[in-house]
Amino acid sequence: MYLLLRNLKRLALPSSCRFISNYVSRMRHLFDLKENDEACRKALSSGSFLLFHSLSPLMQKTENKYTVPFVTASELYRILRKLGQKEKYLEESVLLGCTDSYLAQFALDLGIMEKAKAESLLQGTFVDLRKAFLLLDGKNAQMLSQAQALLRWHNTHLYCSKTGHPMQKNVSGSRRICSSNGTIYYPQMSPVIITLVSDGTRCLLARQEAFPSGMYSALAGFCDIGETVEQAVHREVAEEVGLEVSSSKYAASQHWPFPNSSLMIASHAMVQPGQIKITLNQFELEDARWFGAEELAEALRRERMPSKNEMGTIPFWIPPPWTIAHQLIKEWTQQKQLC
Ligand SMILES: NC(=O)c1ccc[n+]([C@@H]2O[C@H](COP(=O)([O-])OP(=O)(O)OC[C@H]3O[C@@H](n4cnc5c(N)ncnc54)[C@H](O)[C@@H]3O)[C@@H](O)[C@H]2O)c1
Ligand SMILES: [Mg+2]
């Protein structure tokens with residue numbers, strides 16, 4: 001707490017600020033940790049850590065459910081010693097956030113260490129995030145998404161793309177700096193639109209070949225350079241299903257770790273009246289269909305990915321509740337049921 005008060009003083013809060021909410025003081029604390037290497041180094045020694053091995057997160061599986069453990073700094077020191085690493089390795093961590101009680105949270109990749117030995121010491125398994133992602137709950141998914149994206153960015157930005165010299169990360173991992181000319185690089189993400197297209201009575205969901213069996217989602221696509229979000233929505237809908245959008249309305253956004261790091265920007269869209277014939281772009285999609293509110297209400301009631309029915313097929317299902325696609329489908333269905 002002393003450290004926190006000292007740090008807050010350094011941020012020169014105006015004297016009129018008699019009361020600061022917990023949220024505001026946490027955000028100021030995090031700002032200090034991001035900017036101040038010494039403060040962040042200290043926070044590392046009392047922080048908690050999400051661990052990865054070559055970008056696969058450590059998980060513990062109990063009864064068909066994955067949990068994501070945070071490991072304390074003292075436990076991590078002990079494990080690093082057993083794996084033959086120095087305590088200094090902790091500085092490879094990236095800062096994720098902090099708890100309500102200002103405990104800093106980090107992510108660290110143990111990829112240079114022996115995987116099986118690390119798993120046995122940590123009593124868990126490093127799991128491919130793509131395989132486990134849809135089985136997680138929202139809180140764990142959001143944290144792992146942020147952690148993996150940051151670790152991946154550092155892992156793929158070891159050298160300055162201008163000079164070819166090695167780059168150093170600051171302690172928090174909020175940037176990397178070229179050792180030769182001081183150019184600063186910040187972690188990047190790609191804007192991706194996701195849109196739920198409606199003709200007024202039904203809405204359109206699609207699936208890619210790579211989706212898990214039976215899963216349909218809203219249309220999504222990367223924004224091109226120079227495009228607005230609205231233009232990207234119009235283009236993607238035209239490209240993927242051959243329909244022309246007449247209007248779109250922003251709904252919400254979500255960070256998404258695949259394929260690298262994306263900011264999903266979600267909207268509801270309407271097609272031009274009478275334009276309902278789907279022309280599928282088979283390079284991108286395996287199927288696209290119009291769904292009614294009742295069919296979607298039933299899919300929303302299912303808690304998890306359904307298992308095979310008597311016919312040996314998996315019934316239609318939608319992404320889990322914490323995904324932005326689910327949120328769009330839920331909003332649309334609720335609005336239809338109120339009509
Ligand atoms: N959070 C959710 O609810 C949700 C739902 C659906 C899709 N998604 C995600 O949306 C993302 C985009 O959807 P999509 O695959 O249909 O996109 P898309 O329709 O733009 O097609 C993907 C193709 O776009 C090209 N591309 C252009 N810019 C790219 C970039 N910056 N990075 C990678 N590829 C790029 C590549 O050729 C790639 O194969 C996927 O990662 C998907 O997982 C999220
Ligand atoms: Mg797409």
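In listed order, ligands and their atoms are each counted from 1.
The residues lining ligand 1, counting any heavy atom closer than 4.0 Å, are Ser190, Val192, Ile194, Gln208, Ser217, Ala220, Gly221, Phe222, Glu236, Glu240, Gln254, Trp256, Phe258, Pro259, Met264, Glu284, Thr323, Ile324, Ala325.
Remark: Glu298 does not engage Arg301 in a salt bridge, criterion side-chain N to carboxylate O under 4.0 Å.
Other residues, nucleotides and ligands contribute over 12 non-hydrogen atoms within 6.0 Å of the CD atom of Glu87. Environment of CD in Gln142: sparse, with no more than 12 heavy atoms of neighbouring residues, nucleotides or ligands closer than 6.0 Å.
Checked options Leu144, Leu58, Leu151, Asn140; the residue passing with Leu50 is Leu144 (criterion: side-chain contact (heavy atoms from CB on, under 4.5 Å)). Of the candidates Phe211, Phe222, Phe133, Phe133 is the only one forming a ring pair (Phe, Tyr, Trp, His ring centres under 6.0 Å) with Phe258.
Because its NZ or CZ atom is both nearer than 6.0 Å to the ring centre of Tyr216 and within 45° of the ring axis, Arg289 counts as a cation-pi partner of that residue.
Side chains of Lys169 and Arg175 form no contact here, defined as non-hydrogen atoms less than 4.5 Å apart.
Around the Mg ion (ligand 2), the protein atoms of type N, O or S that sit closer than 2.8 Å are Ala220 O, Glu240 OE2.
Between the side chain of Arg176 and the backbone N or O of Pro166 there is no donor-acceptor pair closer than 3.5 Å. When atom types are taken as modelled, the side chain of Ser120 and the backbone of Ala116 share no donor-acceptor pair closer than 3.5 angstrom.
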